[in-house]
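Structure record follows, encoded as structure tokens.
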Amino acid sequence: MATDIMRHTVFKTPWGYFGLACRDGLVCRTVLPAPSRDAAREALLTEAGPDEVPFERGLLSILQDRINAYFEGEKVDFSTDPAVDLSHFSPFSRAILMACRQIDMGQKQTYTQLAEAAGRPHAARAVGNVMAHNPIPLIVPCHRVVRTDGGLGGFSAIGGTAMKERMLIHERSRERTFSFAGVGG
DNA sequence: CAGCACTAATTCA
DNA sequence: TGAATTAGTGCTG
């Protein structure tokens, strides 16, 4: 393909302005909802400037709809779709990011569990490193990874740990809507 | 080699 | 009990 030019978009969700960048149809970066369009774009294009990464309003519009649905409270599964670009990561980091991506909406996993999934049972701290550099939050739901002792753990994406907690509550409150049918609370 | 989004064990109120 | 410290840990730049 000759079209390996990177493009980006920023669109409004109920939580703020969400940033999305892709290349060759592969999502290579996302930023969680920011208070303004500019803030989202700035966070999205840290390396290259907007001149090199053209804006395209309808970029991956289906995905935009799904992301929007997520913030509206619908159950959305990003575990196999869209395709993402993780090519510049080490095998270890890729394994961790891919394992993380399998965590369902509303579910949680510990740093240790992710380490085990990648065959490195004692690499919890290294897992934290990988999460800290996750380029595609939400698609790779790094906010669903918490500490073994029940603590939240860190969060370096937009909004910090407050955003992490808000997203977890958002996902958990969905479950509650359905729980009255079966196991009561 | 130093620095981490971790964790289990120890220490000290 | 429980907060605070100390080791131990594995990957990355």
Side-chain angles (χ1 to χ4, degrees), chain A residues 6 8 10 13 15-23 26-36 39-49 52-53 67 70-71 75-80 82-175:
Chain A
M6 193 182 299
H8 85 278
V10 173
T13 75
W15 286 30
Y17 293 87
F18 194 98
L20 182 62
C22 80
R23 177 168 53 201
L26 304 180
V27 176
C28 54
R29 189 168 179 82
T30 60
V31 297
L32 264 20
S36 75
R41 184 169 47 80
E42 196 169 330
L44 187 65
L45 309 174
T46 48
E47 310 279 303
E52 314 169 43
V53 187
I67 291 170
Y70 169 86
F71 289 108
K75 180 175 172 91
V76 184
D77 178 15
F78 297 107
S79 67
T80 57
V84 299
D85 178 17
L86 264 27
S87 59
H88 61 90
F89 282 98
S90 71
F92 174 80
S93 296
R94 263 200 304 276
I96 296 299
L97 291 167
M98 285 167 56
C100 175
R101 206 180 170 187
Q102 303 310 309
I103 308 175
D104 285 331
M105 183 169 174
Q107 300 291 108
K108 288 192 284 192
Q109 220 162 116
T110 66
Y111 293 94
T112 296
Q113 284 176 314
L114 270 194
E116 286 168 350
R120 306 289 188 295
H122 298 175
R125 194 158 190 173
V127 169
N129 283 339
V130 176
M131 296 296 104
H133 299 115
N134 174 21
I136 42 181
L138 184 59
I139 307 297
V140 169
C142 59
H143 61 281
R144 310 212 261 243
V145 184
V146 297
R147 295 176 53 106
T148 298
D149 63 13
L152 258 195
F155 202 64
S156 51
I158 284 179
T161 54
M163 173 69 87
K164 182 173 185 172
E165 182 166 32
R166 185 181 173 194
M167 290 174 76
L168 289 174
I169 291 172
H170 176 69
E171 298 186 6
R172 183 147 39 90
S173 59
R174 257 193 43 78
E175 274 181 18

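Per chain, numbering begins at 1; letters A, B, ... match sequence-line order.
Note: CG (N134(A)) to C1' (dC4(B)) measures 16 Å, nearest angstrom. Taking atom CG on N129(A) and atom P on dT7(B), their separation rounds to 13 Å, with Å as the unit. Taking atom CE of residue M163(A) and atom C1' of nucleotide dA5(B), one finds them 16 Å apart after rounding to whole Å.
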CA sep, side-chain torsions, deciding dist, call: I136(A), D85(A), side-chain contact (heavy atoms from CB on, under 4.5 Å)
CA-CA 9 Å; I136(A) 42 181; D85(A) 178 17; over 6 Å; no
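Shown are V146(A), I103(A), V145(A); of these, the side chain to side chain contact (heavy atoms under 4.5 Å, CB included) with K108(A) is made only by V146(A).
Using a 4.0 Å heavy-atom cutoff across all strands shown, R120(A) reaches sugar-phosphate atoms only and no base atom. Residue-level contact check: S93(A) touches the backbone only, with heavy atoms under 4.0 Å from sugar-phosphate atoms and none from bases. Here F92(A) lies in heavy-atom contact (under 4.0 Å) with sugar-phosphate atoms only. As judged by a 4.0 angstrom heavy-atom cut-off over every strand, A126(A) is placed among the base-contacting residues. Within the 4.0 angstrom heavy-atom criterion, base atoms lie near S156(A).
Between the side chains of H143(A) and E171(A), at least one donor-acceptor pair of N or O atoms lies under 3.5 Å.
In the displayed structure, E42(A) atom CD is contacted under 6.0 Å by at most 12 heavy atoms of other residues, nucleotides or ligands.
Side-chain nitrogen and oxygen atoms of T112(A) include none within less than 4.0 Å of the OP1 or OP2 phosphate oxygen of dC6(B).
Judged by closest nucleotide on DNA chain C, R125(A) is the one of R125(A) and V130(A) placed further toward the 5' end.
Applying the ring-ring contact (aromatic ring centres under 6.0 Å, His included) test to Y17(A) and every residue at least two apart in sequence or in another chain returns nothing.
Here chain A contacts DNA chain C (any atom closer than 4.0 Å to a heavy atom, that is under 4.0 Å), and the contacts span dG8(C) to dT12(C) from 5' to 3'.
Note: F71(A) and W15(A) have tilted aromatic rings, judged against thresholds of 30 and 60 degrees for the angle between ring planes.
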